[in-house]
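What follows is a short report on a single structure.
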Amino acid sequence: MPDQPVRVAPLRLATWNVNSLKARMPWVETWISYAEPDVMCLQETKLSDEAFPAEAFRALGYDSIHHGDGRWNGVAILSRVGIEDGAVGLGDGVDEQGCRLIAATCGGVRVHSVYVPNGRSLDSEHYGAKLAWLAGLADLLSRTCDPSADVAVCGDFNVAPEDIDVWDPKALSGSTHVSGPERRALQQLLDWGLVDIFREHHPEPGLYSWWDYRNGAFHKHHGMRIDLVLLTRSLASRCTFSMVDRNARKALGEAKPSDHAPVLVMLG
DNA sequence: ATGGTTGCGAAGCAA
């Protein structure tokens with residue numbers, strides 16, 4: 001393997017749970033045209049690999065890889081700085097919940113696009129599976145990556161790291177996304193050597209990345225910050241800017257919004 | 001939020 005290049009170029013890195021790429025393609029193309037990410041992670045494409053619009057992304061200047069079964073989940077990475085050594089799944093038999101992780105090396109960074117299982121409810125078997133999946137992700141990182149290298153883990157974690165990441169902790173008590181075991185499973189990833197870079201740059205509460213479609217939650221600011229960009233320290237130290245593009249949670253003409261907003265970080 | 005929405009796919013499930 002060649003050594004990492006000594007000279008590093010600025011990198012714009014984004015992640016977005018699009019809730020069906022077929023339904024979201026107009027918004028995604030618009031967003032890419034103004035946000036100009038170099039690397040973009042997508043979740044919930046809900047497409048088969050055959051139906052993934054690689055040609056449309058190629059026309060926008062992006063190479064891509066996709067991992068999907070056509071109905072649920074589905075993850076992808078777009079890159080205009082190269083895309084090498086693609087890999088899918090947790091690689092240990094735990095990723096049987098299907099098409100939730102894809103990784104590739106883009107511009108010298110090992111990038112992971114993840115869609116963590118929702119968990120449904122604390123008493124559901126899916127909740128235990130969510131915890132197991134997060135543990136499997138921690139295991140994958142420890143097996144395949146070095147925390148001193150340039151590693152990014154981006155996506156929909158379906159966990160709000162702290163109470164300041166949800167609109168009303170009391171209302172959510174006893175439900176998923178905020179429970180202790182989920183937060184500890186996420187913390188295990190951070191302890192390995194990752195930084196929740198948006199939170200590092202924005203300590204204030206009330207900044208979310210997901211709002212329920214129902215009940216006017218977006219306009220009432222009833223949201224959660226569950227879409228995260230986790231970076232190893234070498235990348236985190238290069239971060240000059242990070243944002244949730246809340247505007248992209250709105251309809252844009254005929255283009256309907258996802259229930260998630262994209263997160264963008266700039267590395268100098 | 002116990003669901004008032006969205007997406008998929010053609011009824012009900014998942015989020």
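Convention: sequence-line order gives letters A, B, ...; per-chain numbering from 1.
- Under the side chain to side chain contact (heavy atoms under 4.5 Å, CB included) criterion, Asp63(A) pairs with Arg58(A), Ile83(A), sequence neighbours left out.
- For the side chain to side chain donor-acceptor pair (under 3.5 Å) test, no residue two or more places apart in sequence or in another chain qualifies with Ser64(A).
- For the 3.5 Å distance criterion, the side chains of Glu44(A) and Asn17(A) qualify, holding a donor opposite an acceptor.
- Taking the P atom of each, dC13(B) and dA1(B) are spaced 23 Å apart, rounded to whole Å.
- Heavy atoms of Arg71(A) sit under 4.0 angstrom from at least one base atom.
- dG4(B) and dA10(B): their P atoms are spaced 23 Å apart (whole Å).
- Note on residues 220-236 of chain A: pairs passing salt bridge (Lys or Arg N to Asp or Glu O under 4.0 Å), not counting sequence neighbours, are Asp165(A)-Arg225(A), Asp196(A)-Arg225(A), Glu200(A)-Arg233(A).
- The footprint of chain A on DNA chain B, defined by a heavy-atom cutoff below 4.0 Å, extends from dA1(B) to dA15(B).
- Interface residues of residues 208-221 of chain A facing DNA chain B, ordered by number: Tyr213(A), Arg214(A), Asn215(A), Lys220(A); criterion, heavy-atom separation under 4.0 Å.
- The separation of dT6(B) from dA11(B), taken at their C1' atoms, amounts to 16 Å, rounded to a whole angstrom.
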Mind listing the side-chain donor-acceptor pairs of residues 70-78 of chain A below 3.5 Å, one per line with the distance, residues two or more places apart or on another chain?
residue	atom	partner	partner atom	Å
Asn73(A)	OD1	Arg100(A)	NH2	3.4
Asn73(A)	ND2	Gln97(A)	O	3.2
Asn73(A)	ND2	Gly98(A)	O	2.9

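- Asp146(A) is linked by a salt bridge (charged side-chain N to carboxylate O under 4.0 Å, His left out) to nothing, counting only residues two or more places apart in sequence or in another chain.
- Residues passing the side chain to side chain donor-acceptor pair (under 3.5 Å) test with Ser121(A) are Asp123(A), sequence neighbours excluded.
- Applying the salt bridge (Lys or Arg N to Asp or Glu O under 4.0 Å) test to residues at least two apart or on different chains, the pairs with a partner in residues 172-187 of chain A are Lys130(A)-Glu182(A), Asp163(A)-Arg183(A).
- Heavy-atom distances to DNA chain B give each of Gly119(A) and Lys22(A) a nearest nucleotide, and the one nearer the 5′ end belongs to Lys22(A).
- Comparing dG9(B) with dA15(B), their P atoms sit 15 Å apart, to the nearest whole Å.
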